[in-house]
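See below for the structure under consideration.
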Amino acid sequence: MKSIYIETTIPSLATSRPSRDTIIAGRQAATLLFWESKRHNYDLYISEYVIDECSLGDPEIAVRRLDFIKNIPVIPHSGEIFALADKYQQLLGIPERAKIDCFHLASCVTAQMDYLLSWNCTHLGIHTFVKIQRFNNKYGLFTPLLLTPEALMEVDETGE
């Protein structure tokens, strides 16, 4: 079975109140559709960084996010992840306030996940993929595909 790293935007959108913004509502619907119909086709993983982020904010919603991810195996923190996250931050020009995205990517790479599932297309999207892939190839690192739930379901349907 293929493996998926579940980034924080997935439990956040799946457990948040329904949005009136059509784009966010579409992302919520796609996330829930993936979760209800496709997630069992994959081995799912999170990191301690996901748990940390899910714990933030409104306590009631934080409990829902943590409940959503409670049975998913956790990739623990490591020095390798920390060092790689620093390199990704420099490579991608990610600001300090968003460095957690580098930790998600580094966790996914070190654990050799097939996919990084996220709605964070600003820092973990297709436009950064080429830079990540070049860097990882240069240093002999595994490169996961960076996909949204919607894109993963399309890959799942076509078998590609």
Side-chain angles (χ1 to χ4, degrees), residues 1-16 23-24 26-28 30-35 38-39 41-57 61-62 65-66 68-156 160:
M1 237 189 293
K2 297 241 179 192
S3 57
I4 298 178
Y5 178 90
I6 303 294
E7 186 265 343
T8 312
T9 56
I10 303 306
S12 292
L13 280 169
T15 61
S16 63
I23 293 172
I24 294 171
R27 289 177 179 175
Q28 287 173 317
T31 300
L32 291 171
L33 179 60
F34 166 79
W35 202 257
K38 301 291 184 183
R39 74 179 162 110
N41 298 340
Y42 301 94
D43 291 325
L44 306 179
Y45 295 87
I46 58 172
S47 68
E48 293 181 28
Y49 304 104
V50 174
I51 295 169
D52 293 346
E53 282 189 298
C54 284
S55 300
L56 299 173
I61 296 172
R65 286 190 298 262
L66 291 169
F68 186 83
I69 62 171
K70 71 180 174 187
N71 294 318
I72 300 174
V74 177
I75 300 165
H77 293 183
S78 73
E80 181 183 8
I81 290 170
F82 192 82
L84 189 55
D86 281 343
K87 291 176 184 172
Y88 285 140
Q89 184 180 20
Q90 292 173 7
L91 173 73
L92 301 172
I94 293 177
E96 191 64 32
R97 65 176 167 67
K99 186 174 181 179
I100 192 79
D101 297 336
C102 299
F103 287 101
H104 291 304
L105 178 58
S107 297
C108 188
V109 168
T110 59
Q112 298 190 0
M113 298 283 107
D114 294 301
Y115 304 112
L116 189 159
L117 197 65
S118 175
W119 285 107
N120 180 359
C121 298
T122 302
H123 299 132
L124 301 174
I126 193 68
H127 66 282
T128 60
F129 180 76
V130 172
K131 287 182 183 178
I132 295 164
Q133 188 174 40
R134 284 185 189 141
F135 177 88
N136 287 359
N137 286 346
K138 181 178 178 179
Y139 293 101
L141 300 170
F142 181 83
T143 303
L145 288 178
L146 311 178
L147 299 173
T148 64
E150 185 175 51
L152 182 58
M153 287 188 291
E154 288 178 22
V155 168
D156 198 35
E160 296 176 8

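Note that the numbering runs from 1 along the sequence shown for the chain.
- Once rounded to the nearest 0.5 Å, the distance linking CD1 of Ile61 with OG of Ser16 reads 7.5 Å.
- Atoms CD1 and OG1, from Ile10 and Thr15 in turn, are 11.0 Å apart once rounded to the nearest 0.5 Å.
- Within 6.0 Å of atom CD in Glu48, more than 12 heavy atoms from other residues, nucleotides or ligands are found, so the atom counts as buried in its surroundings.
- Trp35 pairs by the side-chain hydrogen bond (donor to acceptor under 3.5 Å, both in side chains) definition with nothing, not counting sequence neighbours.
- Ring pair Phe34/Tyr42 is tilted by interplanar angle, where 30° to 60° counts as tilted.
- Scanning all heavy atoms of the two residues, the minimum distance from Met153 to Ala30 falls at CE-O, 3.5 Å.
- To the nearest 0.5 angstrom, Glu53 atom CD is 4.5 Å from Ile100 atom CD1.
- Tyr88 is linked by a side-chain hydrogen bond (donor to acceptor under 3.5 Å, both in side chains) to Asn136, counting only residues two or more places apart in sequence or in another chain.
- Within the model, atoms CG of Leu145 and CG of Leu117 stand 11.5 Å from one another, a figure rounded to the nearest 0.5 Å.
- Not counting sequence neighbours, Ser107 has no partner by the side-chain hydrogen bond (donor to acceptor under 3.5 Å, both in side chains) test.
- Between Asp101 atom CG and Leu92 atom CG the span is 9.5 Å, to the nearest 0.5 Å.
- Looking only at distances, a side-chain donor or acceptor of Arg65 sits under 3.5 Å from a matching main-chain atom of Leu56.
- Between Leu147 atom CG and Trp119 atom CH2 the span is 10.5 Å, to the nearest 0.5 Å.
- Residues satisfying the ring-ring contact (aromatic ring centres under 6.0 Å, His included) test with Tyr45, not counting sequence neighbours, are none.
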Please determine whether side-chain contact (heavy atoms from CB on, under 4.5 Å) holds for the pair Leu152 and Ile4, giving the CA-CA distance in whole Å, both sets of side-chain angles, and the decisive distance to 0.1 Å. CA-CA 10 Å; Leu152 182 58; Ile4 298 178; 3.3 Å; yes
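- Remark: the Glu150 side chain and the Thr148 side chain contain no N/O donor-acceptor pair separated by less than 3.5 Å.
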Please determine whether side-chain contact (heavy atoms from CB on, under 4.5 Å) holds for the pair Leu141 and Phe135, giving the CA-CA distance in whole Å, both sets of side-chain angles, and the decisive distance to 0.1 Å. CA-CA 8 Å; Leu141 300 170; Phe135 177 88; 4.0 Å; yes
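- The two residues Glu7 and Val50 have their closest heavy-atom pair at CA-CG2, 4.3 Å.
- The minimum heavy-atom distance linking Pro76 with Ile81 is given by the pair O-CD1, 3.5 Å.
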One pair to check against side-chain contact (heavy atoms from CB on, under 4.5 Å): Phe142 and Asp114. What are the steps and the verdict? CA-CA 9 Å; Phe142 181 83; Asp114 294 301; 4.2 Å; yes
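- Contacts of Asp52 classified as side-chain hydrogen bond (donor to acceptor under 3.5 Å, both in side chains), with partners at least two apart in sequence or in another chain: none.
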Decide side-chain contact (heavy atoms from CB on, under 4.5 Å) for Leu146 and Ser118; before the verdict, give the C-alpha distance in whole Å, the side-chain angles of both, and the deciding distance to 0.1 Å. CA-CA 7 Å; Leu146 311 178; Ser118 175; over 6 Å; no
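- The salt bridge (charged side-chain N to carboxylate O under 4.0 Å, His left out) pairs that include a residue from residues 74-90 are Asp86-Lys99, where partners are two or more places apart or lie in different chains.
- Contact check for Tyr49 versus Thr8: no side-chain heavy atoms found under the 4.5 Å cut-off.
- Across all their heavy atoms, Ser3 and Gln112 have their closest contact at OG-O, 3.9 Å.
- Considering every non-hydrogen atom in both Ile72 and Ile46, the closest pair reads CG2-N, 3.6 Å.
- For Phe82, the CZ atom sits in a loose shell: 12 or fewer heavy atoms of surrounding residues, nucleotides or ligands are nearer than 6.0 Å.
- When all heavy atoms of Arg27 and Leu13 are compared, the pair lying nearest together is CB-CD1, 3.9 Å.
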